[in-house]
Amino acid sequence: MIKAKITSTAHYVPKNVMTNFDLEKMVDTSDEWIKSRTGIQQRHIVSPEEASSDLSTRVAKDLLLKRGISAEDIDLIIISTVTPDHFTPSTAAIVQKNIGANNAWGFDLSGACSGYIYGLETANNFIISGKYKKVMVIGVDTMSSILDFTDRDTCVLFGDGAGGAILEPSDSESGIVDSILHMDGFGGNFLHVPGGGSRIPPTVDSVKKRLHYIKQDGKKVFKFAVKGMADVSERILAKNNLTGDDIALFIPHQANKRIIDATSDRCNISKDKVLININHYGNTTAGTIGIGMNEAFNEGRIKGGDYILLSAFGAGFTWGSILIKW
C-alpha cells in the first residue's frame with residue numbers, strides 16, 4: 001500500500017524578536033508571570049513589509065533546495081493558515097507565483113493551531129490516491145497581525161513563523177501511519193476573531209470595538225486543550241499497539257508548556273523525547289509543528305525508522321494526532 005512520506009522539511013521565523021521584557025513596557029504583565037504560566041520567553045514578529053506569503057515563500061524555497069527538485073515538480077501546494085495575506089487570492093496562489101510552481105494548483109486551509117496536521121492529513125490522502133506525486137504543505141501564521149497589544153491575556157502568547165514539508169509516495173514502511181482528527185464547533189466562541197468576515201464585515205464601528213483581534217477564554221481553552229490533546233494522543237498509540245516507549249520523538253503544538261507536559265505524562269513519553277521550543281517562538285499557531293519538525297531533523301533527533309507522534313489543539317475547536325514512521 002502506498003504511503004505518504006515526508007522527504008523535506010524547512011522553517012522560517014522573522015528576524016525581529018519581542019521578549020517578555022518588551023511586553024512589560026506595553027501591558028500590565030511580567031517576564032516571570034508569562035514564563036510561569038506558558039513557558040514563553042520570547043517570540044518573533046514580522047517587520048512591517050512581511051506577511052504570511054513572505055514567510056511561506058522562504059520555507060517553500062528551502063524545501064525545494066533541500067529536496068533538490070524544481071518548483072515545477074510540485075503538483076499541489078497547501079497553506080494552512082488563519083492569517084492569509086488576503087481573503088482572495090489565496091496565500092497558496094501567491095506562493096505558487098513567487099516560487100514559479102507553474103504545474104501546481106493549491107488552496108489555503110483554515111484549521112487554526114491544528115492547521116498543520118490537517119494539512120498533512122489532506123496531503124496524505126492526495127498522495128495515496130495515486131494522482132499526485134509531490135505535495136507541499138506549509139503551516140504559517142502572522143499572529144501579530146490579529147493581536148491586540150492592549151490585551152495581556154492574548155498578546156503575550158503568540159508569535160509569527162512558518163514550517164513546512166514535502167510529501168511524496170513511498171512503498172516502504174516509512175510514511176504517515178495513522179491519524180485521528182476532530183472538530184467541535186461548540187468551542188468556537190472560546191477562541192475566535194469576531195470581525196472581518198461576512199458575519200461582521202469591517203466597519204468603522206467594528207474597528208473601534210477591536211473586533212478584528214483574536215479573543216480567548218483562556219481557562220476554557222486550557223481545559224479543553226489538555227483533555228483533547230492527551231486523549232487523542234493516547235488513543236492513536238493504543239490503536240497502533242504502541243506505547244510511549246516506542247515513540248522516538250513527540251512533537252506537540254506549542255501553545256502552553258503545561259498542556260505539553262500533561263499530554264506527554266498521559267502517554268508516558270519521557271521528557272527527553274518531547275520537543276519544546278515554545279520558549280523561543282511562543283505560539284505560532286499553524287507554524288508550530290512544522291517548525292519543531294525541521295528543528296528536530298536538523299538537530300539529529302529524528303532518524304530513519306523512528307516513530308514520531310504529532311498532536312495539536314486549536315480554535316474551532318480543532319484537534320488531532322498523527323503517527324509517522326520516519
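What's counted below: heavy atoms across the whole structure, side chains too, no hydrogens, waters or symmetry copies. No experiment lies behind these values; they were computed from the predicted model shown.
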Counterpart residues, salt bridge (charged side-chain N to carboxylate O under 4.0 Å, His left out), relative to Arg266 (two or more places apart):
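Salt bridge (charged side-chain N to carboxylate O under 4.0 Å, His left out) list for Arg266, sorted by chain: Asp231, Glu234.
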Please enumerate all residues that pass salt bridge (charged side-chain N to carboxylate O under 4.0 Å, His left out) together with Lys35, with sequence neighbours excluded.
Asp31
Is there any salt bridge (charged side-chain N to carboxylate O under 4.0 Å, His left out) pair reaching into residues 307-326, and which pairs are they, with sequence neighbours excluded?
Glu173-Lys325
Any Lys/Arg nitrogen of Lys273 or Asp245 sitting under 4.0 Å from an Asp/Glu carboxylate oxygen of the other?
no
Taking Lys271 first and then Asp261, would you say they form a salt bridge - that is, a charged N and a carboxylate O separated by under 4.0 Å?
yes
Side chains of Thr19 and Gln42: any donor to acceptor distance under 3.5 Å?
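Side-chain D/A pair, Gln42 to Thr19: absent.
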Checking side chain to side chain contact (heavy atoms under 4.5 Å, CB included) against Ile117, which of Thr318, Ile251, Ile289 comes through?
Ile289
For residues 182-202, which residue pairs pass the side-chain hydrogen bond (donor to acceptor under 3.5 Å, both in side chains) check, not counting sequence neighbours?
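The answer is His182-Arg235.
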Output all residues satisfying side-chain hydrogen bond (donor to acceptor under 3.5 Å, both in side chains) with [X], sequence neighbours left out; order by chain, then residue number.
{"X": "Asp171", "result": "none"}
{"X": "Lys66", "result": "Asn294"}
{"X": "Ser145", "result": "none"}

Between Met293 and Ile302, what is the shortest heavy-atom contact and its length?
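Heavy atoms of Met293 and Ile302 come nearest at O-CD1, 3.9 Å.
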With sequence neighbours excluded, what pairs up with [X] under the side chain to side chain contact (heavy atoms under 4.5 Å, CB included) test?
{"X": "Asn268", "answer": "none"}
{"X": "Asp178", "answer": "Ile236, Lys239, Asn240"}
{"X": "Thr284", "answer": "Tyr281, Thr288, Ile291"}
{"X": "Leu147", "answer": "Phe149, Phe158, Ile214"}

Going through the checks in order, is the side-chain contact (heavy atoms from CB on, under 4.5 Å) test met by Ile74 and Ile69?
CA-CA 9 Å; Ile74 299 297; Ile69 59 175; 4.0 Å; yes
Going by the ring pair (Phe, Tyr, Trp, His ring centres under 6.0 Å) test, which pairs reach into residues 215-244, not counting sequence neighbours?
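Ring pair (Phe, Tyr, Trp, His ring centres under 6.0 Å) check on residues 215-244 returns Phe224-Phe317.
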Between atom CG of Asp62 and atom OG1 of Thr57, what is the distance when rounded to the nearest 0.5 Å?
12.5 Å
